[in-house]
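All heavy atoms count here, side chains included; hydrogens, waters and symmetry mates do not. Everything numeric in this text was worked out from a predicted model, so none of it was measured. Lettering follows sequence order; numbering is per chain, from 1.
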Amino acid sequence: MSGPIALVDCNNFYASCERLFQPALRGKPVVVLSNNDGCVIARSNEAKALGVVMGDPWHLVKEKHKANGIIVRSSNYTLYGDLSARVMRTLADFTPDLEIYSIDEAFLSLAGFEGRLDAHARDLRATVVQWTGIPVSVGIAPTKTLAKLANRLAKKDPACGGVLTLATLQAQDAALEKIALTDLWGVAGRLAARLRVIGVNTPLELRDADPKFVREHCSVVMERMVYELRGTPCLDLEDVTPDRKSIMASRSFGRSVTAFRELEEAVATHTARAAEKMRRQNLATASVVVFVHTNKFKPTAPQYYGTREVELPVASADTSKLIGAAMRALASIWRKGFGYSKAGVIFPVLCAAAEATPDLFAAPDSVERKRLMRTVDSLNGRYGRGAITYGTMGRQHGWKLRSDHKSPHYTTDWEQLLKV
DNA sequence: TCTGGGGTCCTAGGACCC
DNA sequence: TCTGGGGTCCTAGGACCC
């Protein structure tokens with residue numbers, strides 16, 4: 001499918017929903033909080049102007065913001081889901097090809113509307129606000145990535161009136177010049193840092209970079225991004241919503257929990273919720289995963305992340321069957337205990353090596369071993385991580401070389417390795 | 001005694017998004 | 001004392017197979 005793509009995004013969606021049923025909130029700074037009132041997940045424009053930051057833990061900033069007259073709401077997902085469905089139904093009147101991307105966003109194919117894109121988008125925008133009361137912004141471009149960008153700029157610049165079209169190269173140039181790498185859809189801190197290392201510092205430089213070079217140093221995802229920025233679509237519009245590949249129900253406790261009984265109860269409750277969701281979507285599962293982890297915001301305390309998957313003989317969405325599997329998974333995590341450290345993973349590898357080359361590994365501080373480790377490091381530096389690892393070949397142990405990352409080559413001759 | 005190349009599958013973890 | 005919850009995709013590396 002080709003032709004212009006529009007991204008329609010609801011403005012400050014959760015805050016707008018709250019306002020719809022409480023008109024007194026209009027024009028006031030409104031903030032919506034996550035489960036347990038943990039952190040900020042939505043802000044009205046007025047709240048943004050007062051400096052409320054997305055994701056801030058509420059208990060740390062509460063006093064400051066309340067002094068500014070900010071109004072707080074706990075989240076109400078049933079309400080948001082309902083209003084979302086109304087918005088999406090309205091959008092469906094404006095195109096035959098609609099992809100519901102998230103609770104407050106949808107991509108629309110505007111093929112056939114070339115020549116009157118702007119007028120069509122403004123009509124859409126007015127209709128949505130009239131029928132649902134939810135204000136939206138529209139970005140239009142040849143690819144999803146550019147449409148995302150157009151939408152972002154449409155929201156930011158009041159002169160756009162909520163609609164921006166990036167149809168020409170000049171318009172795309174001007175838009176890309178205004179933003180930073182991390183403003184791109186799919187680029188956050190880590191990937192931006194990686195791009196800077198290879199000399200790509202701006203969105204324009206990324207668009208004009210050699211796609212093969214980018215793929216080599218980042219990944220196929222970033223290569224696609226280059227093409228998308230050039231106006232060549234790599235991400236299709238998916239107008240049929242695929243079935244979920246996983247369904248999760250999880251909650252933080254909000255305090256430390258150490259009693260097994262309490263974990264069991266919580267896991268049973270969450271499993272029941274997940275099973276319900278599954279039945280509502282006409283799905284079933286053949287495996288159940290349970291995870292438990294410690295409070296990552298207490299870095300001085302020992303950290304643990306335990307996870308376990310249990311398979312069912314037959315796919316099911318039956319609550320009691322799924323809870324049974326979840327209880328087995330939890331018990332297994334519990335038995336494994338909290339002593340499963342990184343050292344526990346590394347140690348067996350060194351054991352295997354010691355069998356194969358006892359003289360080398362007998363003394364951990366031996367000169368030979370240090371030399372070998374330096375050689376391994378330098379080879380991995382030259383050919384990329386994982387170019388050389390210790391592994392098995394049949395019943396033998398050996399060094400696995402993958403200089404091209406394709407065809408592994410095994411050798412037990414570490415003297416040979418030292419010469420490389 | 002020495003010696004491979006070509007795969008597939010699975011899991012853990014990284015990175016991102018809303 | 002209190003820091004969300006729910007997803008997707010990709011890669012690396014080990015295990016295993018012939």
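- Listed pair A:Ser246 / C:dT8 meets the phosphate criterion, a side-chain N or O lying under 4.0 Å from OP1 or OP2.
- Within 4.0 Å of A:Leu184, counting heavy atoms only, lie sugar-phosphate atoms of the nucleic acid but no base atom.
- Along DNA chain C, the nucleotide nearest to A:Leu60 and the one nearest to A:Arg215 differ in position, and the one closer to the 5' end is contacted by A:Leu60.
- Between A:Arg255 and C:dT1 there is no side-chain polar atom (N or O) within less than 4.0 angstrom of OP1 or OP2.
- Under the 4.5 Å side-chain criterion, counting only non-hydrogen atoms from C-beta, A:Met222 is not in contact with A:Arg194.
- Using a 4.0 Å heavy-atom criterion, one finds that A:Phe13 contacts no nucleic acid atom at all.
- Close to C:dC9, at under 4.0 Å from its OP1 or OP2, lies a side-chain N or O of A:Lys245.
- Proximity of A:Ser252 to the phosphate of C:dG5: a side-chain N or O atom is located under 4.0 Å from OP1 or OP2.
- Regarding contacts with the backbone of C:dG6, a side-chain N or O of A:Lys277 is found under 4.0 angstrom from either OP1 or OP2.
- Remark: C:dC18 base-pairs with B:dG5; criterion is Watson-Crick or G-U wobble with both hydrogen-bond distances under 3.5 Å.
- Atom pair A:Arg224:CZ and C:dC10:C1' shows a separation of 9 Å (rounding to whole Å applied).
- Among B:dC17, C:dT11, C:dT8, the nucleotide with an atom closest to any side-chain atom of A:Val220 is C:dT11.
- Contacts of A:Trp58 with the nucleic acid, taken as non-hydrogen atoms under 4.0 Å apart, are absent.
- Among the atoms of the strands shown, only primed sugar atoms or phosphate atoms (P, OP1, OP2) are found under 4.0 Å from some heavy atom of A:Arg273.
- Position along DNA chain C of the nearest nucleotide to A:His59 versus A:Asn36 favours A:His59 as the more 5'-ward residue.
- Atom pair A:Ile100:CD1 and C:dG7:P shows a separation of 16 Å (rounding to whole Å applied).
- Scanning both residues, A:Leu110 and A:Ala6, for their nearest heavy atoms gives CD1-CB, 3.7 Å.
- Summarising the geometry, the separation between CH2 on A:Trp185 and P on B:dC18 is reported as 8 Å, rounded to the nearest angstrom.
- For A:Arg190, the CZ atom is loosely surrounded, since the number of other residues' heavy atoms within 6.0 Å does not exceed 12.
- Listed nucleotides: C:dC10, B:dA15, C:dT3. Nearest to the side chain of A:Arg190: B:dA15.
- Taking only side-chain nitrogens and oxygens, A:Ser250 comes nearer than 4.0 Å to OP1 or OP2 of C:dG6.
- Distance, A:Ile103 CD1 to B:dC18 P: 14 Å, rounded to whole Å.
- When the shell of 6.0 Å around NZ of A:Lys321 is examined, it contains 12 or fewer heavy atoms from other residues, nucleotides or ligands.
- Using a 4.0 Å heavy-atom cutoff across all strands shown, A:Asp104 reaches sugar-phosphate atoms only and no base atom.
- Nucleic acid contact for A:Ile247: sugar-phosphate only, since backbone atoms but no base atoms lie under 4.0 Å from a heavy atom of the residue.
- For the pair A:Met54 CE and C:dG4 P, the interatomic distance rounds to 13 Å; values are reported in whole Å.
- For B:dA15, neither phosphate oxygen OP1 nor OP2 lies less than 4.0 angstrom from any side-chain nitrogen or oxygen of A:Arg194.
- When only modelled atom types and interatomic distance are considered, A:Thr132 and A:Arg89 share no side-chain donor-acceptor pair under 3.5 Å.
- Between A:Arg251 and C:dG6 there is a side-chain polar atom (N or O) within less than 4.0 angstrom of OP1 or OP2.
- One interatomic measurement links the two molecules: NZ of A:Lys144 to P of B:dC17, which rounds to 14 Å at whole-angstrom precision.
- The A:Arg244 side chain lies nearest to C:dT8 when the options are C:dT8, C:dT3, C:dG4.
- Separating the NZ atom of A:Lys148 from the P atom of B:dC16 is a distance of 15 Å, rounded to the nearest angstrom.
- Nearest nucleotide to the A:Ser34 side chain, out of B:dA15, B:dC18, C:dG4: C:dG4.
- Below 30°, between 30° and 60°, or above 60°: for A:Tyr80 and A:Tyr77 the angle between ring planes is above 60°, a perpendicular geometry.
- Here C:dC10 is the nucleotide among C:dC10, B:dC16, B:dC18 with the atom lying nearest to any side-chain atom of A:Ser219.
- Within the 4.5 Å cutoff, no side-chain heavy atoms of A:Val288 are placed close to those of A:Arg328.
- Listed nucleotides: C:dG4, B:dC16, B:dC18. Nearest to the side chain of A:Phe297: C:dG4.
- The gap from the P atom of B:dT3 to that of C:dC18 amounts to 24 Å, rounded to the nearest Å.
- With rounding to whole Å, A:Glu99 atom CD is found 13 Å from B:dC18 atom C1'.
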